[in-house]
Every structure is written in C-alpha cells, then in structure tokens.
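Worksheet: the structure to be examined is printed underneath.
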Amino acid sequence: MPKKELLDEISAGEVKLAGLNGDRTAVDDGEIIIPGVTEDVQKTHYCGKLNIDYVNQAVKLAGWVGKRRDHGGLIFIDLRDRSGQVQLVFDQRQGNDLFNLAESLRNEYVIAIKGEVIKRSEETINRSIPTGEIEVSVNSMDILNSAKTPPFYIEDNINVDENLRLRYRYLDLRRPEMLNRLKLRHRTIKLIRDYMDRYDFLEVETPVLTRSTPEGARDFLVPSRMQGGEFYALPQSPQLFKQLLMVSGIERYFQVVRCFRDEDLRADRQPEFTQVDIETSFLNAENLFFLTEGLVKELWEKIHGTEISQPFTKMPYREAMNRFGTDKPDLRYGMELVDLNEAAGKSDFKVFKTALENGGAVKGLCLPGGVSLSRKDLDDLTLLARQLGAKGLAWAYVEDEGWRSPIAKFFKQPLIEAINHKMAARPGDVLLFVADKWETSCTVLGHLRVKFAPENLPKEPHFLWVIDFPLFHYNEEEQRYDSDHHPFTAPRPEDMPLLEEDPLSVRAQAYDLVLNGVEIGGGSMRIHDSVIQSRIFELLGLSKEESTEKFGFLLEALSYGAPPHGGIALGLDRLIALLNGDDSIRQVIPFPKTANASCLMTGAPAPVSDQQLQELKLSIEEKQEEK
RNA sequence: GGAGCUGUGGUGUAGAUGGUUAACAUAUCGGCCUGUCAAGCCGAAGAUCGCGGGUUCGAGUCCCGUCAGCUCCGCCA
C-alpha cells in the first residue's frame, strides 16, 4: 500500500473515529477462544460476560469467590473474574458431596466449576448487575486454592488507608475499579500506538542505561561494574536519542517510554513515569499541534465519549501569566488577575509605588463573596502569600461606601471606585493585591486563584496550547542563564538578534499542552544547526570543553546533515488519570511509589550486600548520629 | 530541606474538659436457615490505642521526639 502524506491525510480529514467504546476482544463474545486450544481448559467463558443468550449452555468457569450467601440448604456464590461476576447456585437437593464442598468455600478462594447457565425466575432477577438475569447451576467444582482473609474488602468504593492498599497492591488491583483502570490504560496505549502507526510513526526503543547530563532534574544513577566508579544514568526522557534518530532519517518517531527523575514526589509526580514521546522531521509546530490535537481528541472521543473540537486555543506564556498567574491556566472559570500598575501609581501606598519603581508589577484578584472570609482567614492567606514568595498581601473588603482595609487610607475615593470598576468588584467581594516582581505578583495570585476556584467545575476538557515561552530564565542561585525548556530548544527566528543583546527576552519555539489546569505535555522545535547549538551552550555557561565532553556526540551529529525537527512528550499517566477522573496518577499506575519514593510492597529501595558493593567498588558512608 | 493533616480490634470509625472492664459497624469463626444478591437470626473470639520518652496518683487523650501515609512549598530543563 502506498504511503500517504501526513498533510494530505490531515487536509482530507481522514482521521477516522469509529465510536468504539469497549474493549474489542474475544471477551465481548462471552466465549474465551484460544485457537488450537480445545482440551483441558479450566474456563470456557468469562463470568461477567454471561447473559440471557447463554441459557442452557454448559460452561466451565474459574475465578475468585466474592460474596457467599449461605441459606442452609442453598448456597449462593458470587464468582468473580477479570470480566465481572456471576452468581453460582449450589442446591443441597442435588447431592451432598458437592454441597459440602461449597460450604467450605471462603472469600477469595480460587475455584473452577462446571455448570449450566439457567434463567432466573422473574422474582429473583437482579437488575443491578449485568449478569443478573441468569445464574449458573453448578455440577462440579474444584477448589484450586484457598485464601487468607484479605486485609480489606475486594470491592469498589472502599475507604482504606492507602498504606494498606499499596502494601497489598496485588489485592487492591483485584478490585474491579482498579482492574478497569488497568484496562483503560491498556486501551489508551493501544489507541495511541494505532494512531501513531496510521501516520507512519515508527516506535523505536532507546536505552535505559545512558549517561548523566547536566541541567534538568536529578538523575537516578546506576553504578557500572565493568568501569568501577563510573555510572550510568536512567533517562529523564529520551530527548537526545530521539533527536539523533531524526539525524538517522527516521523522520517520524514515537515511543511509549518510561522516564526517571530523582525529585520529590507529588500527587501527579512519580520517580518513574511514562511518556508518549514524539519527534518529527520536516514538520513545523503547527503541523505538530494538529497531530497532537488529533491524538488527544481521539482518546477523549473514543474512551471518554466527549466530542473535542480543533484547533485548540493558543495563548502566549506572557498572557497566561498576566491573566491567570500560571503557565498552565485552568480556563474553566474566570477570576482573572487584573493589572493595577496605573492605579497603584496614583495611590499614596508606598509598598505599591516602590514595587513599581523597581520595575515590578501590582496585580489584583477579586474573590467574589469573599466577605465570608474572616480576618484570620486573610492573615492565613498573607502567610501563604509569603511562603509563595511575595513580600506581603494587601486586601480589602468591598463595601457599599468603599473599602474596609488597612490600606484604604492610601487611596482616594475616586481611585477606589476606579479599581473596583476595573476588577468588576461588588460589595461583598474581597480584593487581594500583590506588589512585587512581575512574575511573583502573577504566580502568587495565580496560586490563590486556584485555591479559591469554584467547586464543581465542569468535567468537560478545555485544552490549551501555551506558546512563546521564554528561551531562558535567570538562575539567581547560580548567577547565570538556564534553559526554560531544555538547551536544545530553538529560539524563534525573529528573536535571534536578541540572543546576544537581551537573552531573557528571546522567545522559544516551545509549547505546553494544558488540560483543565494540568500540564499534560510539552515540546519544542529543536536546534538543528551545530553552530547555534554551540552558542546556546556558551550562553548557558558551558565552556567549549564542557559542551564537547557532555554533548559532543550531539554537536557532531548535527553537523552531519540534521534535518529540521521538533517534537513533544505527553505525560501518559496524567492523561489516563484525567481520562478516568482520578486526582492522583498513583491510581492508574499498577505499582506506584509513595511520597517517600518507596514501594511498600517490595520494600524498595533496600540495602544490598557487601559483596554487591565491592563488585561495584562502592562503599557506604555510615549515617552520622545526630547529637 | 520546610509546612500541614492523619495513625485506636482484620477494616472503617467513636472515644469534650486526663479517671475503673476502650464503644459501634463491618469482616472473621461457630450454630440455625432453600431464593439471596449490603441475605437474615443467635452466639463467640478479636486492641499492650503507630513507636519511644516525658508530665501526672493516673495518658488513647497533654508535652517532646521518632516512624509511616497523604497534601502542599522548595525542587521537577
């Protein structure tokens, strides 16, 4: 079949959406079919797929004992497997041996049965479960394994310490809602692979043992036995490899790949996580946007059943900061930040005026109905603002006559009215002000905006591209420029002249994909000219020797005919969590780590033997006893 | 590195101001029970209150420390 051109496909609108909603496997047909395997199977059907169509059929089922309801001469067992559950019936009148065996069943025993699907009488139908119209009359049973009483209930909507769930994760995953998360994850990855394949992307694997590079997150290190005293690093992302694959002429690469960053954890951050890593040659950012939009659109439509319209909104970084105080704004609600530089200049409030004189900004945020906040609440907010980096937080209760506020005396009545007007403030609202460096004023109020976000926000996805990130930011600690994205990001061509005179004002060809206030991906067009790449390294404070030592292979590769290229990486765990409506990515990772980066099930990380250490030429410093 | 919240039978919770045998639900075990599906009824067993120290005549409760989990800040190109 001849290859189609990507852009032709896009313009022809050939991204087909099948409206598929379930997993399309043999399971859907109830019967489990493995071609060529006909004898000695322990189960012929999945429990949860049986229904009225199977009445009078002989079936072999196997699974776990869920609930048991023992009525004396009649025992009901809910048999659970991967697909769901079905009710088994044991009737004493049909024989004592089997019945006595059934009486010995306990929760989570593993059993295999042979039986017949029978229709339930009208009064005994259970409409609340999919298999509720039928039940299975058991003719024979093998108890394949017994089970200890589980430490928590194997059912949905449990309220258990996460500690326990993580320690017994294999039992936690037995719960249908967790099993469904694994299925959702599988289906998501399959849709991604199919989509990328449709557009001629090659999935190429890259090394997990690679070399540590400066900048970025802290690396996980792996000691080398062959070269004692030297270390591999686990990749923070396959960034350099995918660029090198572009030099190799792959043109379109993707990978569902594990990445590692040794930084502190959060609800949406694990030390190892999965990226959908994408890199293309000969496509510009707009092409890449369209492609990425098509991918997430497909996921939401096929998995979530939500219609998504393209193209997504785009917003420059500067605007996102000015209006929402963050580079990942949640557009589902307003409460936008207001620029008050002009009004602040007319006030007699020294704090505001000083901030302006130092080149900073005065920003405001209106909390509708904020009158319900007590004086102490506002003190707490001030404390929070300080923790977030602001020097302070000014506030004002908006009343009919004016402001009730410690700073009201610095503002003449017309000025108060002008500010109220600009912030659309009404009596009963509270106004919050921060005067500081522009970025601080924005981010502090941006945090408070999120803190006071309306409850019950709509679930509908609001996708957003944040574009035009700065190429560099200034690292105060190290007294030098740092890449905002990474050092391989291309500057916008029209900003190239600024590279020498005003590096901080250079905009990058970098972009983040944001969904409802969550960053779900980011990428950039890359530098494919080794001269420009060298210059960027210099600006970042890397000497010629350092850049040759750390990145020589990249610079060399770029000099062998590197095509223009760029790409993006999507956070798969976050995507899946959002698709499932979960707050934490731990829910959709089969075996996650705790906030301490340990695994409660295996006990990792753990000490190793002296022999292992010796082979690696490592020695462990004894922990200092604190006196 | 910092801050906050949580920790009581297997599980989930209750135990104001310190006071005798730590309560409830559920699970577990035993008995009864032929149409349940959160089955029902009767009974039994099950907790050194995360750990260590301190204050006190007396600590689940107060204080200090520590451990673990969660959330956030710093950090995460």
Side-chain angles (χ1 to χ4, degrees), chain A residues 66-79 85-94 99 103 106-108 120-129 131-132 135 148-155 157-168 171 213-219 236-237 239-240 259-271 273 380 383-389 443-444 447 450-451 469-473 475 477 481-489 508 510 512 519 522-524 536 540 569 571 583-584 586 592-598 600 626:
Chain A
K67 286 244 161 61
R68 103 195 119 92
R69 292 174 292 280
D70 185 344
H71 287 238
L74 186 70
I75 300 173
F76 299 105
I77 298 286
D78 289 335
L79 185 65
Q85 62 174 53
V86 70
Q87 175 164 280
L88 306 182
V89 194
F90 295 86
D91 192 326
Q92 192 163 28
R93 292 178 302 209
Q94 291 172 348
F99 193 81
E103 276 187 320
R106 292 295 179 268
N107 283 350
E108 302 307 314
R120 296 199 197 182
S121 68
E122 196 57 37
E123 324 81 74
T124 60
I125 287 175
N126 182 352
R127 306 269 174 213
S128 59
I129 58 170
T131 58
E135 59 196 2
K148 295 206 287 188
T149 302
F152 48 82
Y153 306 113
I154 309 296
E155 60 188 33
N157 303 313
I158 54 169
N159 176 22
V160 191
D161 199 31
E162 198 163 358
N163 226 324
L164 260 194
R165 290 179 52 202
L166 291 175
R167 169 137 183 246
Y168 297 96
L171 295 179
T213 52
E215 292 208 68
R218 192 176 295 111
D219 285 319
Q236 298 173 25
S237 83
Q239 182 60 38
L240 289 166
C259 302
F260 307 85
R261 294 178 191 175
D262 188 5
E263 296 291 348
D264 286 3
L265 288 77
R266 290 284 188 280
D268 62 354
R269 265 164 38 191
Q270 284 273 306
F273 59 99
D380 289 346
L383 207 64
L384 177 63
R386 289 222 177 87
Q387 283 166 359
L388 293 170
T443 53
V444 169
H447 265 100
V450 171
K451 189 178 166 67
F469 280 88
L471 189 64
F472 303 111
H473 58 260
N475 185 329
E477 248 172 69
Y481 299 119
D482 264 351
S483 289
D484 203 71
H485 186 59
H486 58 51
F488 322 112
T489 302
D512 277 356
E519 181 196 327
S524 62
I536 297 289
L540 293 172
D583 292 329
S584 165
R586 284 191 305 276
K593 308 249 182 321
T594 68
N596 246 341
S598 55
L600 295 182
E626 282 183 37

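Residue numbering restarts at 1 for every chain, and letters A, B, ... go by the order of the sequence lines.
- Of the candidate nucleotides B:rC75, B:rC33, B:rU36, B:rC33 has the atom lying nearest to any side-chain atom of A:D70.
- Contact annotation for A:S237: base contact, defined as any heavy-atom pair under 4.0 Å involving a base atom.
- Note on A:T124: a base of the nucleic acid sits closer than 4.0 angstrom, heavy atoms only.
- Residue A:I158 is out of contact with every strand shown, counting any heavy-atom pair closer than 4.0 Å.
- For A:N163, taking side-chain heavy atoms from C-beta onward, the closest of the listed nucleotides B:rG12, B:rG69, B:rC70 is B:rG69.
- The side chain of A:R69 lies closest to B:rU36, out of B:rC73, B:rU36, B:rU11.
- Contacts of A:N126 with the nucleic acid, taken as non-hydrogen atoms under 4.0 Å apart, include base atoms.
- Distance noted for atom P between B:rU17 and B:rC62: 7 Å (whole Å).
- One finds no side-chain N or O of A:T131 lying less than 4.0 angstrom from the OP1 or OP2 phosphate oxygen of B:rC37.
- Taking the nucleotide of RNA chain B with the nearest heavy atom to each of A:F152 and A:G73, the more 5' of the two is matched to A:F152.
- Going from the P atom of B:rA22 to that of B:rA59 covers 14 Å, rounded to whole Å.
- Where stacking is scored as ring centres under 5.5 Å apart with planes under 30°, A:H71 registers as stacked on the base of B:rA39.
- Here A:E122 lies out of heavy-atom contact (under 4.0 Å) with every strand.
- A:Q387 comes within 4.0 angstrom of sugar-phosphate atoms only, judged by non-hydrogen atoms across all strands, and of no base.
- Residue A:R120 places a side-chain atom within donor-acceptor reach of the base of B:rC37, judged by atom type and a 3.5 Å distance cut-off alone.
- Along RNA chain B, the nucleotide closest to A:Q239 and the one closest to A:D268 are compared, and the more 5′ of them pairs with A:D268.
- For B:rC76, there is no paired nucleotide, since no Watson-Crick or G-U wobble pair has both relevant distances below 3.5 Å.
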### Message
Protein within reach of the bases, or only the backbone? For nucleotides 25-31 of chain B, mark each nucleotide 5' to 3' as B, S or -, using heavy atoms under 4.0 Å.
### Response
-BSSSS-
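- Across all strands, A:R127 comes closer than 4.0 Å to no nucleic acid atom at all (heavy-atom distances).
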